[in-house]
Amino acid sequence: MKLGVNIDHVATLRQARGTPYPSLPEAVAEAEAGGADGITIHLREDRRHIQDHDLFEIRQAVRVPLNLEMANDPGVLELALRARPDEACLVPERRQELTTEGGLDAAGQYDRLAPTVAALLRAGVRVSLFIEPVPEQIDAARRLGAPMIELHTGRYANLDGAARDAELARLADAAEAAHDAGLQVNAGHGLHYSNLPAFLAAVPHLDTLNIGHGIVARAVFCGLRTAVREMKALLPGEK
Ligand code: PXP
């Protein structure tokens, strides 16, 4: 199982003071040294953390695949087509939100998403859709021609008890359905060292997990390289 390390919050720290540090290319190198299989960044419409120049600098610096999270927005699409990340994950975005809330409505926005998915695929960018674990969204992703989905785990991360178990069952069923539909199954949002084991035990067919906030928060105490290594150690296939 692969780990995509989201380094948005390294940029959050830099933007808090408008300093040139901490360096994002250095964060990329440290995450790679810790075993990151991919680097993920989210160029938000409000540019609250990652900036346009980061996208191009990280594109140059990265040795593992780069995954760009992006809203279905013409300006961001234009930058994505110039930077050519290896992958793009289409996410919903609202300006006031603390972080991405809820999945993309791939079924309801099918007609608006289709040209964006097609343009990215034509440019050689593998496309993922960040969706809720429900059959109609998986079916819309398949019809849009996206080779991958990312299941939104934010709700799981915020629940406990029976409600959490019910959400895990929903995620497991969705992973099964997406796999049967021939889609690569990724997952992310709110995953942490403490909630990852139960998630991994319940949900099949996972290819890549995208994790950011938990890793960067841990890195404050032990460094990014070690924080990534500790997260990797929780994934199947790691010694
Ligand atoms: N995947 C997607 C699509 C996201 O939008 C985010 C947050 O930017 C993440 C994964 C990572 O979430 P977290 O920072 O909570 O680990």
Side-chain angles (χ1 to χ4, degrees), residues 1-13 15 24 27 31 34 36-51 54-55 58 65-73 76 80 85-95 97-106 113 117 120 125-133 137 141 146 148-159 171 174-175 178 183-196 199-200 203 206-220 224 227-228 230-232 234-235:
M1 196 179 297
K2 298 198 276 292
L3 175 64
V5 176
N6 181 316
I7 57 169
D8 289 349
H9 296 302
V10 178
T12 300
L13 200 54
Q15 296 307 111
L24 293 202
D37 301 291
I39 296 293
T40 295
I41 53 175
H42 185 176
L43 184 67
R44 291 186 70 101
E45 195 191 349
D46 62 12
R47 304 299 195 268
R48 70 174 69 158
H49 37 53
I50 298 293
Q51 307 297 306
D54 292 323
L55 170 61
I58 290 169
L66 175 64
N67 171 33
L68 176 67
E69 294 174 358
M70 53 179 277
N72 186 19
D73 167 81
V76 178
D86 300 278
E87 300 175 3
C89 180
L90 292 169
V91 301
E93 228 176 80
R94 283 192 303 113
R95 270 183 185 261
E97 67 190 359
L98 275 180
T99 179
T100 313
E101 291 166 1
L104 187 70
D105 183 8
L113 287 165
V117 173
L120 288 164
V125 179
R126 292 189 80 224
V127 177
S128 179
L129 302 179
F130 186 50
I131 56 172
E132 296 290 329
Q137 299 298 346
M148 316 180 268
I149 55 154
E150 180 167 330
L151 293 173
H152 194 310
T153 53
R155 196 185 309 271
Y156 161 70
N158 287 331
L159 291 171
L171 286 159
L183 297 164
Q184 179 178 316
V185 183
N186 303 334
H189 211 285
L191 293 176
H192 194 270
Y193 302 87
S194 55
N195 64 21
L196 195 55
F199 175 72
L200 293 176
V203 181
L206 295 166
D207 183 281
T208 301
L209 301 181
N210 286 308
I211 308 181
H213 191 267
I215 292 176
V216 174
R218 174 84 187 121
V220 171
L224 188 55
V228 171
E230 287 178 359
M231 191 62 85
K232 276 280 288 192
L234 296 177
L235 303 188

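Just follow the structure's listing: the first ligand is 1, and inside any ligand the first atom is 1. All figures in this text were calculated on a predicted structure; none of them were measured in a lab.
- Those atoms of ligand 1 that come under 4.0 Å of a heavy atom in Val91, given as number and element, are 3 (C).
- Using bins of under 30°, 30° to 60° and over 60° for the plane-to-plane angle, the ring pair Tyr156/Phe199 lands in the tilted bin.
- In terms of N/O distances under 3.5 Å, ligand 1 is approached by Gly212.
- Looking at Gly190 next to ligand 1, an N or O pair under 3.5 Å apart turns up.
- Closest non-hydrogen pair, Leu183 versus Met148, comes out as CD2-N, 4.2 Å.
- Close contacts between ligand 1 and Asn210 involve ligand atoms 10 (C), 11 (C) [criterion: under 4.0 Å to a heavy atom].
- Inspection of the Thr40 and Asn6 side chains reveals no N or O donor paired with an N or O acceptor under 3.5 Å.
- Geometrically, ligand 1 and Glu150 share a nitrogen or oxygen pair separated by less than 3.5 Å.
- Of the candidates His152, His213, Glu69, it is Glu69 that places a heavy atom closest to atom 2 (C) of ligand 1.
- Proximity of a side-chain donor or acceptor of Gln15 to a complementary backbone N or O of Leu13 within less than 3.5 Å is not detected.
- With salt bridges taken as basic N to acidic carboxylate O contacts below 4.0 Å, one links Asp207 and Lys2.
- When all heavy atoms are compared, the tightest approach of Pro85 to Val125 is O-CG2, 3.5 Å.
- Of all the atoms in ligand 1, the ones that sit under 4.0 Å from a non-hydrogen atom of Asn6 are 8 (O).
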